[in-house]
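The model shown is predicted, which means the values in this text are computed figures rather than measured ones.
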Amino acid sequence: MMLSEFEINFVPQKAIKGQALADFLAAHPIPDDMELREDLPDEEVFTIDTSSWQLYFDGAARSSGAGAGIVFVTPSGGLIPYSFHILAICTNNVTEYEALVIGLEVALEMKIQSLEVFGDSLLVIKQMSGEFAVKHENLVPYHEKAKHLLGQFQDITLNHIPRSKNGKADALANLAASLILPEERDIQITIGERHVLSQSTERVEEENTVNLITFLDSANENDWRQPIKDYIQKRSLARRLEEKSGCKKKSASICGLQ
């Protein structure tokens with residue numbers, strides 16, 4: 001109260017970043033023989049995992065059925081694909097919502113808390129983000145269900161991507177839509193790699209061999225190439241030349257043909 005009659009302005013002290021540590025140590029002196037502790041309590045609190053999972057979803061609707069495809073990408077880059085056959089006949093927008101809902105449910109079952117969602121349906125992504133209103137009544141239950149599932153994640157983002165970057169989920173959705181499932185309702189599909197043809201060098205050798213055989217079978221008796229063919233097949237070049245030229249075995253030997 002006594003100082004209120006004066007015009008006093010508070011000015012904080014400016015600190016130099018390079019001198020902050022020295023100022024702190026000067027304000028908090030410690031004995032020289034004090035033992036420093038290397039093990040900090042609750043050290044795991046300082047470790048933060050910034051990596052997150054990724055979810056790609058897509059739906060496919062056909063006159064014979066519908067399918068949903070989802071692909072999870074783990075923080076280390078691994079792929080976990082799922083393909084689901086939707087029993088009811090529905091529109092393409094409904095299948096897109098079905099794929100999103102299924103993907104979110106599977107993610108919650110896997111105890112995933114941080115998730116990035118990618119889909120090629122602009123309508124679904126914009127409606128879920130609140131930019132588009134849900135006007136069709138048949139989409140309202142799916143929208144509310146997806147909103148409820150989104151609220152159970154700690155960190156989740158929705159992203160729209162072109163169809164060209166959602167090929168894996170699109171292929172799984174079309175696969176499920178085209179399959180007629182048996183009574184067991186589950187089909188295990190194995191995807192592998194295999195070379196249908198042999199290596200290029202082996203194919204060249206096979207082609208050369210086939211061409212040679214075809215060439216040998218296409219000649220007749222009076223062909224000038226017949227002695228060469230006889231030599232390749234029967235090693236009888238000298239005998240063949242003797243019959244054609246009338247030379248004796250001795251003259252053939254002199255000519256170096258035997």
Side-chain angles (χ1 to χ4, degrees), residues 49-181 185-191:
D49 186 11
T50 58
S51 59
S52 61
W53 287 65
Q54 295 179 352
L55 167 63
Y56 293 82
F57 72 94
D58 195 16
R62 296 185 179 182
S63 58
S64 58
I70 59 176
V71 177
F72 285 97
V73 181
T74 66
S76 60
L79 297 180
I80 305 178
Y82 289 94
S83 184
F84 297 91
H85 180 78
I86 301 175
L87 300 179
I89 304 298
C90 49
T91 63
N92 187 65
N93 291 332
V94 172
T95 58
E96 293 286 350
Y97 265 109
E98 287 273 8
L100 175 60
V101 170
I102 293 174
L104 295 177
E105 289 178 342
V106 174
L108 291 174
E109 292 177 1
M110 298 169 62
K111 307 300 182 182
I112 298 175
Q113 296 298 325
S114 180
L115 184 64
E116 295 182 62
V117 182
F118 299 89
D120 56 38
S121 175
L122 183 62
L123 177 68
V124 173
I125 298 298
K126 293 296 184 180
Q127 287 181 348
M128 293 304 303
S129 61
E131 298 182 35
F132 290 177
V134 183
K135 297 181 179 180
H136 296 279
E137 296 181 358
N138 59 336
L139 298 180
V140 173
Y142 297 97
H143 181 266
E144 294 178 352
K145 178 65 175 180
K147 277 289 187 182
H148 173 71
L149 295 174
L150 289 177
Q152 301 183 36
F153 291 88
Q154 292 182 359
D155 182 20
I156 188 168
T157 58
L158 297 174
N159 305 276
H160 176 257
I161 57 175
R163 184 177 296 273
S164 59
K165 295 185 178 181
N166 201 26
K168 294 182 177 62
D170 179 69
L172 293 172
N174 284 280
L175 177 64
S178 59
L179 287 178
I180 301 177
L181 300 181
R185 297 296 181 188
D186 291 332
I187 295 179
Q188 183 176 2
I189 299 176
T190 303
I191 300 177

Do the rings of Trp53 and Phe72 sit parallel, tilted or perpendicular, given the 30° and 60° boundaries?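 The arrangement is perpendicular - the two ring planes meet at more than 60°.
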Can you tell me how far the CD atom of Gln152 sits from the CG atom of Leu115, to the nearest 0.5 Å?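 Between atom CD of Gln152 and atom CG of Leu115 there are 12.5 Å.
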Heavy-atom closest contact ([X] atom, [Y] atom, distance):
X	Y	value
Gly67	Ala176	CA-CB, 4.0 Å
Val101	Tyr142	CG2-O, 4.2 Å
Ala61	Thr95	CB-CG2, 3.9 Å
Ala173	Gly69	CB-N, 3.6 Å

Can you check whether [X] reaches [Y] side chain to side chain, under 4.5 Å on heavy atoms?
X	Y	value
Asn93	His136	no
Val71	Leu79	yes
Arg62	Asn174	yes
Phe118	Asn166	no
Leu55	Ile112	no

If you apply the rule side-chain contact (heavy atoms from CB on, under 4.5 Å), what do you find for Ile156 with Leu104, and how did you get there? CA-CA 10 Å; Ile156 188 168; Leu104 295 177; 3.9 Å; yes
Modelled atom types, side-chain donor and acceptor of His148 and Glu144, under 3.5 Å: no
Step-by-step side-chain contact (heavy atoms from CB on, under 4.5 Å) determination, Asp120 to Glu96: CA-CA 9 Å; Asp120 56 38; Glu96 293 286 350; 3.7 Å; yes
Run the side-chain contact (heavy atoms from CB on, under 4.5 Å) test on Phe153 and Leu108 for me, step by step, so that the C-alpha distance in whole Å, both residues' side-chain angles and the decisive distance to 0.1 Å come before the verdict. CA-CA 8 Å; Phe153 291 88; Leu108 291 174; 3.5 Å; yes
Could you walk me through whether Tyr97 and Val124 pass the side-chain contact (heavy atoms from CB on, under 4.5 Å) check? CA-CA 7 Å; Tyr97 265 109; Val124 173; 3.9 Å; yes
Take atom NZ of Lys147 as the centre, draw a 6.0 Å sphere, and report whether it contains more than 12 heavy atoms from other residues, nucleotides or ligands.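 Yes, enclosed.
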